[in-house]
Amino acid sequence: MLNYQRYKRVPVVDFPERTWPNKEIEKAPVWCSVDLRDGNQALVEPMVVEEKIEMFNLLVKLGFKEIEVGFPAASQIEFDFLRQLVDRKLIPDDVVVQVLVQCREHLIKRTFEALKGIKKAIVHIYNSTSTLQRDVVFHKDMEEIKEIAIIGTKLVQKYAADFDGEILLEYSPESFTGTELDFALDICTAVQETWGATKDKKIILNLPSTVEMNTPNVYADQIEWMHTHFKNRESIILSVHPHNDRGTGIAATELALLAGADRVEGTLFGNGERTGNVDITTVAYNMFSQGINPELNLENVREIAEVYERCTKMEIHPRHPYAGKLVFTAFSGSHQDAINKGMHALQERKGQYWEVPYLPIDPSDIGRQYEPIVRINSQSGKGGVAFVMDTFYGFKLPKGMHKEFADVIQKISEQQGEVAPEQIMAEFKKNYLDKKEPMHFRKCRISDADTGNGEFATLAKVTYTDHGIEKYFEGVGNGPIDAVQRGLEDELGIQIRVMDYSEHALSSGSGAQAASYIHVLDVKTGKATYGVGISSNITRASIRGIFSAVNRLFY
């Protein structure tokens, strides 16, 4: 049994004044990508300068206006990367770079050396404030921890005074989720006042879920408590930096936005320490799916994923929201059937909104394609096979035919696993379109036949081969199908009944072909099956369909 008694519950917040449960997300926050710092430091193989530049260019293309580019005082490669951005003039005027630094003078001095020539930058200082780290890491009390933050703020002020560009200060009480709220407020307020933050000279106070320690609602309570207790709230940009230790980073971020957060720091696809940072792409696509402009250019998720995987050498899980290879794929038969019907309804109704079961967004809106939506395996049903035949190849199988053909594919999938659309079409040809033996229809002449009472019937003169031997018969009926049916019955000594008939065009234009589906019953045995024929001539397609069905029934 798990030794759960080794762990104690993290306290929740006593905050009955909370208002976030009754709110909705209405607009995008300020997004800050930390892929090049927090994400990069978590890689098995950290990015080299050129890889970081490629990632930076991607982030700019996606529309990020704040990008944390690294910890330039920590290593030469971090310093050189920032200098490359400056020297190669890669930072657009509307993009603010952010640098991280500890509250130590030699590190802050080195950071400002790296920033030389930049018009505007965010200097992000931090120190850990949690109860646990104060005890076992720093061996300092609250006042000593607060003094570190105040000194760091004053040092940034000192070097900012001689800096040619504009400096915006960001402060993070690291391990905020493990810090007493009163103390977190005290230390943030001390930094705010030391910096001299005003409505016109704002400060970013970033409250990170450095380690996710409780349910998302608790993080939301912590954020709203700080949001409502801050002095001069208009001078503060309230930022969150959630991690994903409990697997609820997305939820924690969304609830934090309800609770008053203005800004979100995160990474593409959630790369980061341990289980990762919050996935900004998922949060943004979630907003998009609710009709909210995420204010990021995320129209091509495949391109984003390709650059991300190449630069980070990390693979995106096939079930990753929105970006995974399988997220717009349905294997379940009932899901496939619902998608099929939903797509048809969407096309017929031409409604204003996207509404398709199991597909919260249109895959094409984010650069995905319809082809992989439905894939067939042993768990799939008749609706999925019909969807593939319609979507990929234009064959709109009659409803009664869905199960008959799905049974053919089911047997294959049980032996080999997934069945590709190309194989499904090959089986369709084999079982229906190419079912031309032993009775192979060759040609037919249709004309009117005088019944002798002043009315006319249809005369069908059919040439066919039986096991390769050419033969001929005639049939008279109330139409071409009826005439051919009667002629076949007399010729072969069988009794058949046409149970159902349907047809449709396969393509448009002068060379368009028609598909004909004939449901035929063997009267003696009660066995029934479908036959399918295609031709540019609908009568010829129908006759081919009858021959296909007869070959399936009797041979």
Side-chain angles (χ1 to χ4, degrees), residues 25 28-47 51-52 54-56 58-59 62-64 66-70 98 100 172 174 176-177 206-216 219-220 239-257 261 263-289 294 296-298 300-328 360-361 366-368:
I25 295 175
V30 175
W31 302 109
C32 177
S33 162
V34 294
D35 289 88
L36 296 168
R37 197 277 304 172
D38 209 348
N40 186 56
Q41 76 180 32
L43 297 176
V44 175
E45 296 180 46
M47 289 179 271
E51 288 171 335
K52 293 188 78 172
E54 183 178 8
M55 179 65 79
F56 179 83
L58 172 66
L59 295 170
L62 297 181
F64 284 94
E66 295 183 5
I67 302 172
E68 188 167 84
V69 294
Q98 177 172 305
L100 185 73
S172 290
E174 193 202 0
F176 164 75
T177 46
N206 186 53
L207 306 178
S209 175
T210 309
V211 177
E212 195 174 31
M213 301 173 69
N214 217 318
T215 49
Y219 188 52
S239 177
V240 293
H241 180 115
H243 278 247
N244 196 45
D245 298 270
R246 293 170 54 89
T248 56
I250 299 293
T253 301
E254 293 179 331
L255 297 190
L257 291 173
R263 181 178 183 268
V264 172
E265 292 187 348
T267 59
L268 300 179
F269 309 117
N271 178 41
E273 297 282 10
R274 304 177 308 280
T275 56
N277 288 42
V278 67
D279 176 3
I280 281 184
T281 49
T282 296
V283 178
Y285 282 132
N286 285 350
M287 292 181 182
F288 169 73
S289 73
L296 289 174
N297 304 318
L298 302 175
N300 193 340
V301 71
R302 297 175 70 182
E303 177 190 12
I304 302 168
E306 191 273 329
V307 175
Y308 165 85
E309 290 188 327
R310 184 172 63 254
C311 290
T312 65
K313 305 171 187 66
M314 301 274 285
E315 291 186 1
I316 295 171
H317 193 281
R319 295 294 183 189
H320 192 102
Y322 303 102
K325 292 179 181 178
L326 297 179
V327 297
F328 295 115
I361 66 170
I366 62 172
R368 301 292 296 270

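Just so you know, residue 1 is the first one in the sequence shown, and it goes up from there.
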Determine whether [X] and [Y] make a side-chain contact, defined as any pair of heavy atoms from C-beta on separated by less than 4.5 Å.
X      : Y      : value
Thr282 : Glu254 : no
Leu36  : Met55  : yes
Arg263 : Glu66  : yes
Lys313 : Pro46  : no
Thr215 : Thr248 : no
Lys325 : His320 : no
Ile361 : Phe288 : yes

task: Mind telling me whether Tyr322 and Tyr285 have parallel, tilted or perpendicular rings, with 30° and 60° as the class edges?
output: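 Ring orientation of Tyr285 relative to Tyr322: tilted.
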Donor-acceptor contact present, side-chain [X] to main-chain [Y], <3.5 Å:
X      : Y      : result
Glu309 : Ile316 : yes
Arg319 : Val327 : no
Ser289 : Pro360 : no
Thr177 : Ser209 : no
Arg368 : Asn300 : no
Asp35  : Thr267 : no
Ser239 : Asn206 : no

field: Candidate pair Phe176 and Val211, rule side-chain contact (heavy atoms from CB on, under 4.5 Å), full reasoning
entry: CA-CA 9 Å; Phe176 164 75; Val211 177; over 6 Å; no
If I compare all heavy atoms of [X] with all of [Y], which pair ends up nearest, and what's the gap?
X      : Y      : answer
Cys32  : Ile67  : SG-N, 4.4 Å
Gly249 : Pro242 : O-CB, 4.2 Å
Asn244 : Asn277 : CB-O, 4.3 Å
Leu62  : Leu268 : CD1-CD2, 4.0 Å
Ala284 : Pro294 : O-CB, 3.5 Å
Ala261 : Val240 : CB-CG1, 3.9 Å

Spatial distance of atom [atom1] ([X]) from atom [atom2] ([Y]) [nearest 0.5 Å]:
X      : Y      : atom1 : atom2 : value
Leu43  : Thr312 : CG    : OG1   : 6.0 Å
Met213 : His243 : CE    : NE2   : 13.5 Å
Trp31  : Thr281 : CH2   : OG1   : 9.5 Å
Glu315 : Tyr308 : CD    : OH    : 10.5 Å
Glu306 : Leu58  : CD    : CG    : 9.5 Å
Met287 : Leu298 : CE    : CG    : 11.0 Å

Arg274/Glu212 salt bridge by N-O under 4.0 Å criterion: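 No, Glu212 and Arg274 are not salt-bridged.
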task: Using the side-chain contact (heavy atoms from CB on, under 4.5 Å) rule, take Leu257 and Val264 through it: C-alpha gap first, then chi angles, then the decisive distance, then the call.
output: CA-CA 8 Å; Leu257 291 173; Val264 172; 3.9 Å; yes
task: Take Phe269 and Ile280, measure what side-chain contact (heavy atoms from CB on, under 4.5 Å) needs, and give me the verdict at the end.
output: CA-CA 7 Å; Phe269 309 117; Ile280 281 184; over 6 Å; no
Test log, rule side-chain contact (heavy atoms from CB on, under 4.5 Å), inputs Phe64 and Leu296: CA-CA 7 Å; Phe64 284 94; Leu296 289 174; 4.0 Å; yes
- prompt: Knowing that exactly one of Thr253, Asp38, Thr210 qualifies, which makes a side chain to side chain donor-acceptor pair (under 3.5 Å) with His241?
  reply: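 Of the listed residues Thr253, Asp38, Thr210, the side chain to side chain donor-acceptor pair (under 3.5 Å) partner of His241 is Asp38.
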